[in-house]
Amino acid sequence: MSRYSAAEIEPKWQKAWDDAQVFRARRDGDKPKYYVLEMFPYPSGRIHIGHVRNYTMGDVIARYKLSTGHNVLHPMGFDAFGMPAENAAMANGGHPKDWTYSNIDTMVEQMKPLGFGLDWSRMFATCDPEYYGQQQALFLDFLEKGLVYRKNAVVNWDPVDMTVLANEQVEDGRGWRSGALVERKELTQWFFKISDFSEDLLSALDGLDNWPAKVKTMQANWIGKSRGLQFAWDLTAPAEGFEQIEVYTTRPDTLMGASFVGISPDHPLAKALEAKDPKVAAFCAEARKGGTTEEAIETAEKLGYDTGLTVTHPLDPDWKLPVWIANFILMDYGTGAIFGVPAHDERDHEFASKYDLPITPVFEPVEGEYPAKGAYVPPKPEKVRFTRKVAGEDIMTGNEAIDATVAYAEEKGIGQGVTKFRLRDWGLSRQRYWGCPIPVVHCDDCGVVPEKKENLPIQLPYDEGDKPIDFSVPGNPLDRHPTWRDCACPACGKPAKRETDTMDTFVDSSWYFARFTSPRAETPIEMAEAEYWMNVDQYIGGIEHAILHLLYSRFFARAMQICGHLPQKSSEPFDALFTQGMVTHAIYKTEKDGRPVFHYPEDVELRDGKGFLKDGTEVQIIPSAKMSKSKNNVVDPVAIIDQYGADTARWFVLSDSPPERDVEWTAAGAEAASKHLARVWRLAAELGDAPANATEDETLLRETHKAIRDVTLGVESFGFNASIAKLYGFTNAIQKSKAGSEAKREALKVLAQLMSPMTPHLAEEMWQILGGTGLIAQAAWPVADEAMLVEQNVTLPIQVNGKRRGEITVPKDMPKDEVEKLALASDGVIRTLDGAQPKKIIVVPGRVVNVVV
RNA sequence: GCCCAAGUGGCGGAAUGGUAGACGCAGGGGAUUCAAAAUCCCCCGCCGCAAGGCGUGUCGGUUCGAGUCCGACCUUGGGUACCA
């Protein structure tokens, strides 16, 4: 081979790793274990360059840990249930199962050439009956422990298609297929009691030292612990059997500013009124229009209906307030009823302004003006002057006022201080086919009956031949299946019906990390394996999973532990978390007849930062856009590997941006990466036989040890781009060095080792060329010699009033006063001072000298 | 709406409160070559002939010193419980 050829090198070394079973996870030996996991992919059909980046990061960690003497577990699987498979079946016919498994085959085939150090023997898909059957067993155990229950909850309802819609199937408040205005409808659904763990899920965040702070903050806000006052407003006259309306407030100190009591359209009182009064019914129907998302509800126009009922203020029997039904009050949070304080809440202010309700301030700023318009909502720790206080001092913080009011209310027997959480129970029912069936049976005599474990897995019907699963009509095929629904009651044996809801796909991904420790076990996990491999030492995935997936997994780990399916130590399953950014790509756009036309990158020629089509038309370049098929800006890793090889793709996705940030894929960047790898290869292949040179050899050795230190630090701190920058520097140093060939050989062997987690194939090839022993993948990571890292001199910038005016080079441990003298004597300082006397001189050893005038 | 981030040359980005722009791309100049490709070397924030001045989204603050800390705002991205 006379030049670097990825096509020749890469398959060769992949086979060598396979033959030596380098990445088969082993429990044997005295080595410490290390479990690195990237969030597993959805089998969309083809791998994406974002996958390449994500799995390359994990692979760097896996290979590095292997070379530092660990037993590494680095598995791969597929998050294979979900809506896209059903959508594909709707659009193109076929069966979700066939579509999914065919996609998995394609993606595995596309992933293998990337050379990831994965233990493929552990692979599974969540749609494998062996996996989801164990998930059904977990569900039954959770049910037995009281961690699952049924209650009503709202879904998006398409009144034309008569089907439940996912949030993403609601576009501008309308069903994506029918175009009908979506309504909120209640259904009986299954729930996991995640709210039982609210306090623990919140407080345990403190112990997650190796999680990004932003993720912990997001989770903490999501769980949303609040303290407040719960109390009841007495109706002036009983209505529909109600004498009181129970409310919860986090700002009881504003009670004297109340102007109305509001209840949710789903509040029992609202429902009772609705049943009797067509006008209330009409309003509630209107209020239920639109999707179920928090965003849709919060941003919808505030609508209210005056019920005509009134309540008495708890602190003033003569004060009557109206009761309104309002569309922005959620039945799921608190008691489903509030009292409105327009002066100190933006939403209440908007509502009161619209319906002409009184706006009564209860406090004002200690200094400055009361805002001219809108509500005055200072932060709770800020001191304010109360004009209509319930209890406490005239001037106090919001927090002090809340405490004083709660104490007062409790003393007077008006209400109780309570702690509440925003976190709601996890609704897991989905009215869809392609998911894990919920293993229960509905019996007319026995009610809801759990399946017997020996009947698991309850498999989805596949129905080849004359009765295929039909996706051409909306709704859940399981619900209208001619035979699958019918079964015998596990309790009494009489004819009964299966639950036709399947599980949320978040359930599938909430325990797969545990299953990887014993993927073929006939129980959910094998305890001995979990004891050894858990927890995940490093988890890597997208920030889009910061809340739901991670919170659900944390819940599952606790619930599994309660049921004896995970060891005690695994209540927090992910010791360290890293959230990586996306790979983006420019969009090339022109317009035709007022509509955008998107062009493929290969059809665009770039000159001086501008893009042109073949016919000379200039295209608009939109940089750093999320890749999207409809925008024609998707980079196909298969094409990149064909053109440059896996090592180039791996090197590039790590090189240009910090891993937590987005990286833009550019053809020029990929080209540059490829050229660099070829240069490194040539350095090894064309080593030559120059004689030793003591000084130069020593200098190169020092560079080598610095490179070991810097690159290792980068890898350990997820600074892969920093490691790569150092590797460029080290490569330049070797290339320019006048050292002898043997010194260069040693430097190049270290270079190969330091590159091996990122570009493993090239590293193996160099290792072989340079005469390394065995596989570089199994060689021990080099260790930097501290003695080689010590510098004698240091260059200090000299500042005058914080501005750089020169620099001096001094011995590392020169005393401060001598540094001062040298600094004052330097040209830049003399010129800038121009005879003025320095007031103060700041010497930061090894860093800077600042002369203050 | 609410929660969480990010914003630095033409571009991607570097920088424990201490020389802003490491490293790479693009660009310019040169070497090599019959010529080219490939490769190698040098230059490269902005304004200015220069001295020097200005520069890290905007405005203000803390500090001897701020890209970094604090406050407000703007823009972009992620999440918002049935996309995964």
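We name chains A, B, ... by the order of the sequence lines, and we start the count at 1 in each one. Every heavy atom of this structure was used, including side-chain atoms; hydrogens, water molecules and symmetry mates were not.
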Contact list (N/O, under 3.5 angstrom) for nucleotides 64-66 of chain B vs protein:
from, atom 1, to, atom 2, distance (Å)
B:C64, O2', A:N850, ND2, 3.4
B:C64, O2, A:N850, ND2, 2.5

Grab the N/O contacts between the protein and nucleotides 1-5 of chain B below 3.5 Å, and write none if there aren't any.
from, atom 1, to, atom 2, distance (Å)
B:G1, N2, A:E294, OE1, 3.1
B:C3, O3', A:N221, ND2, 2.8
B:C3, O2', A:N221, ND2, 2.9

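In this structure, A:D710 atom CG and B:U16 atom P are separated by 13 Å, rounded to whole Å.
Comparing atom distances between the A:R661 side chain and each of B:A6, B:C40, B:C83 picks out B:A6 as nearest. Set against B:G13, B:G79, B:C23, the side chain of A:Y728 has B:C23 as its closest nucleotide. In this structure, of B:C23, B:C40, B:A81, it is B:A81 that holds the atom nearest to the side chain of A:T293. Candidate nucleotides B:G78, B:C40, B:A81 were compared by shortest atom distance to the side chain of A:L423, and B:A81 ranks first. Side-chain atoms of A:A672 lie closest to B:G24 of the nucleotides B:G24, B:C40, B:C83.
Side-chain N/O atoms of A:R847 and base N/O atoms of B:U16 include a donor-acceptor pair closer than 3.5 Å.
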Taking distance alone, no hydrogens or angles, what donor-acceptor pairs closer than 3.5 Å link side-chain atoms of residues 667-677 of chain A to residues at least two apart or in another chain?
from, atom 1, to, atom 2, distance (Å)
A:E671, OE1, A:Y644, OH, 2.8
A:H676, ND1, A:R679, NH2, 3.2

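Applying the 90° cutoff around 0 to the glycosidic angle, B:G9 is assigned syn.
The separation of B:A66 from B:U19, taken at their C1' atoms, amounts to 14 Å, rounded to a whole angstrom. With both ends at atom C1', the span from B:U76 to B:C44 equals 30 Å, rounded to whole Å.
The side chain of A:N167 places no N or O atom within less than 4.0 Å of a non-bridging phosphate oxygen (OP1 or OP2) of B:U80. For A:S657 and B:G13, the shortest distance from a side-chain N or O to OP1 or OP2 is below 4.0 Å.
Counting any heavy atom pair closer than 4.0 Å across all strands shown, A:Q189 reaches a base atom.
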